[in-house]
Asks: 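Handing you this structure, nothing more for now.
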Amino acid sequence: MIDLAGRGEELREFTVTEYALSHLANHYSRIGEHTEAVRTIARLRALNPDLSLYARVVLAMMALRRGDTASALRMHLEVREEALRRGAQIDATRALLLAAFSAYCMNDLPRCTGLLSEALLELAGQPRSQSQAAIAPDLREIEEMLAYARLQPNLAPLLEAALEDASLLGGTMRDDLFTSGMRLEIMTLGQELVLRDGIPCAMRVRGSVAVLAYLALHPRSTRQDVVTQLWPDRDPKKAATYFRQCVTDIREAMGADVVLVEGAHQAPEYRLSSKASITLDSQRVLQLVAGGQLPAAVAAYKGEFLPSLQESEWAGEQRMTIQRALVGSLRAELRASQVERGQERRVVLLTTAILSIDPNDTETEDLRLSVARQVSSPSDIARFEAERHRKMN
């Protein structure tokens, strides 16, 4: 994008320059480089103060990521009004969706609900190819809001109509503001992936992500510590060799400065660089549950912890801890909804959320089916019955 922006300026192709600088500013903002984002958008405005709708949305998202939620909400609504005047319906709907997210970040849930309802209605009425393309760049950031909508009976049908395929909702992690050094995002739930400064790192060795996750949770571990916890059933010499392959793989894919070795030569200790700002999705789920942000926690849970690591008791304990925290909080919400009158639809939503985490919970499945037969549509009832039949057979 940097090269493209330079070429656009040389050729005086402003459309190309604007495209490159807008996307570059958005990238800097997403990874927490807010000063660079401001400089980049200022460079664009110096060329032409009349920014495009996309660039104005980027400007609003920059404000939101810096924590200026009120300005972001105002700017998104201004973009929507301008888009409606121009007849740019897709841009108008996207701006409204992001305005709802700004309200969500302000914890103004009534306003968020109103804006989100309107945005989802508009998305549901647009061709799916257009609506999905319009919001695809924003899914990671707005997923916590969409998870909130999934647990609200008045919003869940609108969300389903607008986004039939729930797998579109990618995992999200809030970027820390004003971080320095490298940023490592270790994704362990339902997948095994690492990003450095927002860029996926191609790992060749299967166990590399598990090593990173273990060192993130247990710094200053010896090779024997890691091998014993991750691969207890392997031959010790082969496991030690495999660990060294993982460390080499990490350094080749992410840089030699990620994994550091310290201590005595006979028993060196391994840790991740102190320059790294580390986000571990499994810990984020637990933090969200502890903070009472249950919808966000459900959204952040993408599946089993380190799914390729089946022989490790340590990994099994991590899975159990995460699942118990999530399911326990959901059950508390479920009990409260069962007591309160008129909450049958929410009971169905909560039981579905529990079953997405613990699909073998037959008692919860029976409850969902019995309540769904009272309040759900025939298609939903048929789907629930089919799921139960598959499990029984």
Asks: Does any part of the side chain of S282, heavy atoms only, come nearer than 4.5 Å to the side chain of V285, both counted from C-beta?
Replies: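 No. Closest side-chain heavy atoms not under 4.5 Å.
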Asks: List the steps and the verdict of salt bridge (Lys or Arg N to Asp or Glu O under 4.0 Å) for D257 and R251.
Replies: CA-CA 7 Å; D257 55 344; R251 287 173 170 167; over 6 Å; no
Asks: How would you list, by chain and number, every residue that makes a side chain to side chain contact (heavy atoms under 4.5 Å, CB included) with T321, sequence neighbours excluded?
Replies: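 Partners of T321 under the side chain to side chain contact (heavy atoms under 4.5 Å, CB included) test: L286.
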Asks: Under the salt bridge (charged side-chain N to carboxylate O under 4.0 Å, His left out) definition, can you give me all pairs with a residue in residues 88-103, not counting sequence neighbours?
Replies: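 The answer is R94-D138.
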Asks: Can you list the residues that meet the side chain to side chain contact (heavy atoms under 4.5 Å, CB included) rule with E81, with sequence neighbours excluded?
Replies: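 If we apply the side chain to side chain contact (heavy atoms under 4.5 Å, CB included) test to E81, skipping adjacent residues, the hits are R85.
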Asks: For residues F384 and H389, determine if any side-chain heavy atom of one lies less than 4.5 Å from a side-chain heavy atom of the other.
Replies: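 Of all side-chain heavy-atom pairs linking H389 with F384, none is under 4.5 Å.
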Asks: Should we say atom CD of E385 is surrounded by more than 12 heavy atoms from elsewhere, each under 6.0 Å from it?
Replies: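 More than 12 within 6.0 Å, yes.
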Asks: Going by the salt bridge (charged side-chain N to carboxylate O under 4.0 Å, His left out) test, which pairs reach into residues 207-225, not counting sequence neighbours?
Replies: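 Those involving residues 207-225 are R220-E262, R220-E269.
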Asks: Quick one: does D358's side chain get under 4.5 Å of Q323's, heavy atoms only?
Replies: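 They are not in side-chain contact.
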Asks: Using only heavy-atom distances, determine whether the side chains of S29 and R65 contain a donor-acceptor pair under 3.5 Å.
Replies: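 Yes, a side-chain donor-acceptor pair sits under 3.5 Å.
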Asks: With a cut-off of 3.5 Å and sequence neighbours excluded, list every side-chain donor-acceptor pair involving residues 198-209.
Replies:
from, atom 1, to, atom 2, distance (Å)
R204, NH2, E252, OE1, 2.9
S208, OG, V205, O, 3.2
S208, OG, D249, OD2, 2.6

Asks: Return each pair, listed once, that meets salt bridge (charged side-chain N to carboxylate O under 4.0 Å, His left out) where at least one residue sits in residues 97-108; pairs must be two or more places apart or across chains.
Replies: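 Residue pairs passing salt bridge (charged side-chain N to carboxylate O under 4.0 Å, His left out), neighbours aside: none found.
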Asks: So, using side chain to side chain contact (heavy atoms under 4.5 Å, CB included) as the criterion, who are the partners of T364 when residues are at least two apart?
Replies: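 R331, T351, I354, L355, D361.
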Asks: If the threshold is 4.0 Å, N to carboxylate O, is there a salt bridge linking E387 and K391?
Replies: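 No, E387 and K391 are not salt-bridged.
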Asks: Test question: given the 4.5 Å side-chain rule for I, L, V, M, F, W and Y, name all other residues clustered with M106, or answer none.
Replies: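 Members other than M106 - counting any ILVMFWY side chain reachable under 4.5 Å - are L73, L77, L96, L115.
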Asks: Output the distance between atom CZ (R80) and atom NE2 (H76), rounded to the nearest 0.5 Å.
Replies: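 It comes to 12.5 Å.
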Asks: Not counting sequence neighbours, which residues clear side chain to side chain contact (heavy atoms under 4.5 Å, CB included) with L260? List them please.
Replies: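 R271, S273.
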Asks: Can you give each donor-acceptor pair under 3.5 Å made by side-chain atoms of residues 37-48, sequence neighbours left out, with the distance rounded to 0.1 Å?
Replies:
from, atom 1, to, atom 2, distance (Å)
R39, NH1, E36, OE2, 2.9
T40, OG1, E36, O, 2.7
R43, NE, E9, OE2, 3.1
R43, NH2, E9, OE2, 2.4
N48, OD1, D50, N, 3.0

Asks: Hey, can you pull the donor-acceptor pairs under 3.5 Å for the side chains in residues 230-239, sequence neighbours left out?
Replies:
from, atom 1, to, atom 2, distance (Å)
D235, OD2, K237, N, 3.1
D235, OD2, K238, N, 3.2

Asks: Check whether more than 12 heavy atoms from other residues, nucleotides or ligands sit under 6.0 Å from atom CD of E363, and answer yes or no.
Replies: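 Open.
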Asks: Apply ring pair (Phe, Tyr, Trp, His ring centres under 6.0 Å) to Y19 and list each qualifying residue two or more places apart in sequence or on a separate chain.
Replies: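 Ring pair (Phe, Tyr, Trp, His ring centres under 6.0 Å) check on Y19 returns H23.
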